[in-house]
Amino acid sequence: MFSKSNCFFTLTGTCCFMLILIWKVPVYGPTSTAYNRPKFRNKSISVSSTEKTVTEALKSRNQTVTEALISKNQTHKPETQNNYEGMIDVKNTVYRLKNPDIPVKVGDFFSLIIQTRDRFGRNCTRGGDFFYTTINSKTKTKSNNAAGKITDFKNGTYEVLFFAGWPGVIGISIILVHPSEAVDFIEEIIWPMEKRIRWKGFFQRKRAEVTDCSFSKTTLLNKCNYSHPLALGETAFYCDKPNVSSCDSLSWLKSDGSHVTGLFSKIYSSYQLPFMNVAYARLLGGIQLLKISQEGNSTFMRNLTLPECKKDLSRPLNDGFWTNNVWTSLQCQTKQWTKQEIIKCMKGRHMVLMGDSTTRQWVEYLLPMLNIDKSKHTSRPNTKHIRHHSDILTLDYYFHPYAIGRRIQVYRDGTWEYEVLDNLNSSTCNYVIVVSPWAHYTQWKKESLFVRLHLLRETLIRFMKRCPNSQVLMKTPHPRRHKDKISLMYSSDRLLYDIYEQYYSMFWGLGIHMIDIWDMNQSYPKGNVIHMPGPVIYQELFLMFSHICKV
């Protein structure tokens with residue numbers, strides 16, 4: 001139960017009262033006809049043992065399989081009728097307002113209760129289904145959108161908490177991204193697999209040679225070994241030795257998409273897994289429209305009390321909402337920053353950003369915002385480093401090593417965080433550090449990723465002890481809607497959400513500013529892609545500056 005001191009914000013004192021009502025929820029019990037679904041229990045798997053493990057897992061579930069799966073390159077279409085005993089069926093699943101007799105006014109929280117049911121109409125009795133929940137305005141004059149927060153009661157029922165940030169008629173959208181069976185398969189079968197990703201290594205000395213490369217925690221003999229103990233621990237990067245060239249002549253890398261395609265096509269063609277056919281399916285068994293009244297809360301935004309954007313900020317009950325292309329944060333006090341305000345805030349400070357191409361987007365939008373993108377002080381020392389050092393801004397951006405993508409990359413142009421942070425030597429230590437490794441890591445083995453994040457944690461702790469007055473920020477992952485069957489399971493949004501949760505598990509409490517952009521991105525009305533459009537990037541930047549500058 002929340003006490004008044006636990007409230008993240010208040011609306012003239014009324015929201016604290018509402019928080020108590022919302023979070024003191026009953027556990028909705030199963031009916032006598034409910035079917036209790038078992039879970040996968042495998043915690044480790046290698047590519048060589050995939051078929052055996054999948055077979056045993058499926059037999060243990062006593063499932064009836066479908067006759068066919070979607071073709072290799074077909075875009076996923078939601079399929080609601082399935083032959084999997086006890087699996088959620090979107091046609092039979094229902095949801096309702098928790099308090100249908102209480103009118104919803106601007107500034108209120110309101111909840112939906114989801115009761116999952118299988119294809120026979122029986123209540124499901126375990127949780128684990130993965131949903132996206134959003135609301136959006138239905139008026140033509142203004143576009144408003146927000147995401148809901150989900151509580152899984154682990155018994156087939158869920159509560160979705162929304163914040164009514166604007167008046168008028170709203171649409172309600174509940175999307176089943178993955179049924180729990182698919183979540184189990186992704187997290188317990190696919191994620192722990194060895195050699196989930198492979199690269200082609202290009203060696204250039206006397207003549208060009210190409211060999212296969214991958215990560216392994218097991219020491220491999222007669223291989224080229226490239227270790228990074230401060231970044232990866234006992235995991236090392238191995239390449240088959242070239243016939244003529246030496247190991248130190250590795251010049252380029254390119255991730256091998258055919259390896260992934262071959263591995264998963266074999267699994268898909270060998271085993272009938274009907275839960276893979278159910279993805280991004282909308283629930284229709286409940287209220288689709290709801291009217292939010294302006295009455296009684298016409299001044300709620302002026303009465304809204306939010307905490308300062310600070311380190312180790314607790315997660316609120318709702319992150320905020322979109323009004324056209326402007327994000328109203330309910331996490332903390334934010335604003336729309338001007339060029340002059342940003343320049344003043346960053347005067348005398350050195351911003352260092354480390355991450356993937358989604359972090360690079362921050363740089364690619366920030367420099368033009370300050371009119372310095374074409375400055376002689378802006379340069380690219382290599383393909384993975386952007387630099388701008390001037391009186392207006394001091395900034396360095398570094399891409400991490402071992403990127404995954406279609407392009408060939410220069411080996412080791414990328415830089416580990418410890419290589420940067422352990423060598424920052426300014427006596428003033430007036431740094432702003434941003435780290436955000438996530439988009440490429442859904443394709444890593446789970447154990448290797450967790451070691452990578454743990455060692456990043458140690459790197460940040462070392463840096464903060466040396467430079468206690470510097471500000472350290474972490475930008476969270478955001479969802480990206482997958483369209484083909486391989487990426488849907490292989491680099492699933494569920495894995496992105498698991499990484500998001502690991503950010504809070506590993507880094508919250510260290511004195512780090514968490515730039516939480518998950519709901520901001522999920523609720524943006526034009527869809528989720530890896531590289532979100534400009535309006536989203538600007539709002540992410542404004543959230544970041546609200547953490548490091550005085551609002």
Side-chain angles (χ1 to χ4, degrees), residues 37-61 63 126-130 177-199 212-220 227-228 231-238 255-257 259-271 273 275-276 279 402 404 437-457 477 482 485-506:
R37 296 170 287 183
K39 290 188 69 178
F40 286 105
R41 294 299 179 189
N42 304 80
K43 298 300 182 182
S44 180
I45 186 170
S46 65
V47 172
S48 61
S49 62
T50 299
E51 297 180 16
K52 179 179 178 182
T53 307
V54 172
T55 301
E56 292 174 349
L58 296 182
K59 284 181 178 179
S60 70
R61 301 166 72 92
Q63 72 170 53
R126 58 161 289 208
D129 301 304
F130 187 48
V177 180
H178 291 302
S180 62
E181 290 79 5
V183 172
D184 293 343
F185 187 79
I186 290 166
E187 293 182 336
E188 301 181 24
I189 300 296
I190 292 179
W191 203 7
M193 286 168 52
E194 295 281 358
K195 298 183 179 179
R196 293 186 60 219
I197 185 64
R198 188 173 69 189
W199 285 262
D212 292 334
C213 307
S214 62
F215 285 108
S216 177
K217 188 177 179 180
T218 304
T219 302
L220 302 177
S227 61
H228 314 280
L232 301 177
E234 296 179 2
T235 298
F237 190 69
Y238 291 92
S255 56
D256 185 359
H259 169 74
V260 177
T261 301
L263 172 62
F264 281 83
S265 294
K266 187 174 183 180
I267 294 175
Y268 281 22
S269 62
S270 300
Y271 304 100
L273 305 174
F275 53 75
M276 293 186 181
Y402 302 111
I404 297 170
W438 62 270
H440 295 246
Y441 291 99
T442 56
Q443 302 189 34
W444 281 40
K445 181 184 174 183
K446 179 180 180 179
E447 181 185 4
S448 297
L449 170 60
F450 280 28
V451 170
R452 161 96 167 91
L453 292 177
H454 174 75
L455 290 170
L456 172 59
R457 184 180 189 273
H482 300 280
K485 65 180 182 180
I486 293 179
S487 64
L488 179 68
M489 305 297 288
Y490 180 69
S491 50
S492 165
D493 274 8
R494 178 65 207 199
L495 293 182
L496 289 175
Y497 189 76
D498 288 337
I499 295 173
Y500 166 86
E501 288 291 340
Q502 280 301 312
Y503 271 33
Y504 277 97
S505 177
M506 285 193 179

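Only a predicted model underlies this, so the values are computations on that prediction, with no experimental measurement involved.
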Does a side-chain heavy-atom distance below 4.5 Å link Q502 with D498?
no
The salt bridge (charged side-chain N to carboxylate O under 4.0 Å, His left out) partners of E447 (sequence neighbours excluded) come to K217, K445
Margin query: I'd like to check F215 versus L232 (side-chain heavy atoms, cut-off strictly below 4.5 Å). Are they in contact?
Written below: yes
CZ of F237 to OG of S216, rounded to nearest 0.5 Å, is 11.5 Å
Rounded to the nearest 0.5 angstrom, the CD1-CH2 distance for I499 and W438 is 8.5 Å
Tightest non-hydrogen contact, residues F450 and M506, listed as O-CE, 3.6 Å
Do I404 and Y441 have side chains that approach each other closer than 4.5 Å (heavy atoms only, starting at C-beta)? no
I'd like to check Y238 versus T219 (side-chain heavy atoms, cut-off strictly below 4.5 Å). Are they in contact? yes
>> Any carboxylate oxygen within less than 4.0 angstrom of a Lys/Arg side-chain nitrogen, looking at R126 and D184?
In response: yes
Salt bridge (charged side-chain N to carboxylate O under 4.0 Å, His left out) filter on R452, not counting sequence neighbours, yields E417
Smallest heavy-atom separation, Y402 atom then W199 atom, equals O-CZ2, 3.6 Å
In this structure, CG of L456 is separated from CG of L449 (nearest 0.5 Å) by 10.5 Å
Looking only at heavy atoms, the pair that brings G127 and S180 closest together is O-CB, 3.4 Å
Residue set satisfying side chain to side chain donor-acceptor pair (under 3.5 Å) with E501, at least two apart, ordered chain then number -> R315, Y497
Query raised in the report: Does the side chain of F275 reach to within under 4.5 Å of the side chain of M489, using non-hydrogen atoms?
Result: yes
What one should report as the nearest heavy-atom pair of I486 and V260 is CG2-CG1, 3.8 Å
Nearest heavy-atom approach of H482 to S491 is NE2-O, 2.7 Å
So do the side chains of W191 and S492 get within less than 4.5 Å of each other, counting heavy atoms only? no
Do the side chains of H259 and D212 get nearer than 4.5 Å, heavy atoms only?
no
Rounded to the nearest 0.5 angstrom, the CG-NE2 distance for D493 and H178 is 6.5 Å
Taken to the nearest 0.5 Å, the spacing of L495 CG from Y490 OH works out to 10.5 Å
In this structure, CD1 of I197 is separated from SG of C213 (nearest 0.5 Å) by 11.5 Å
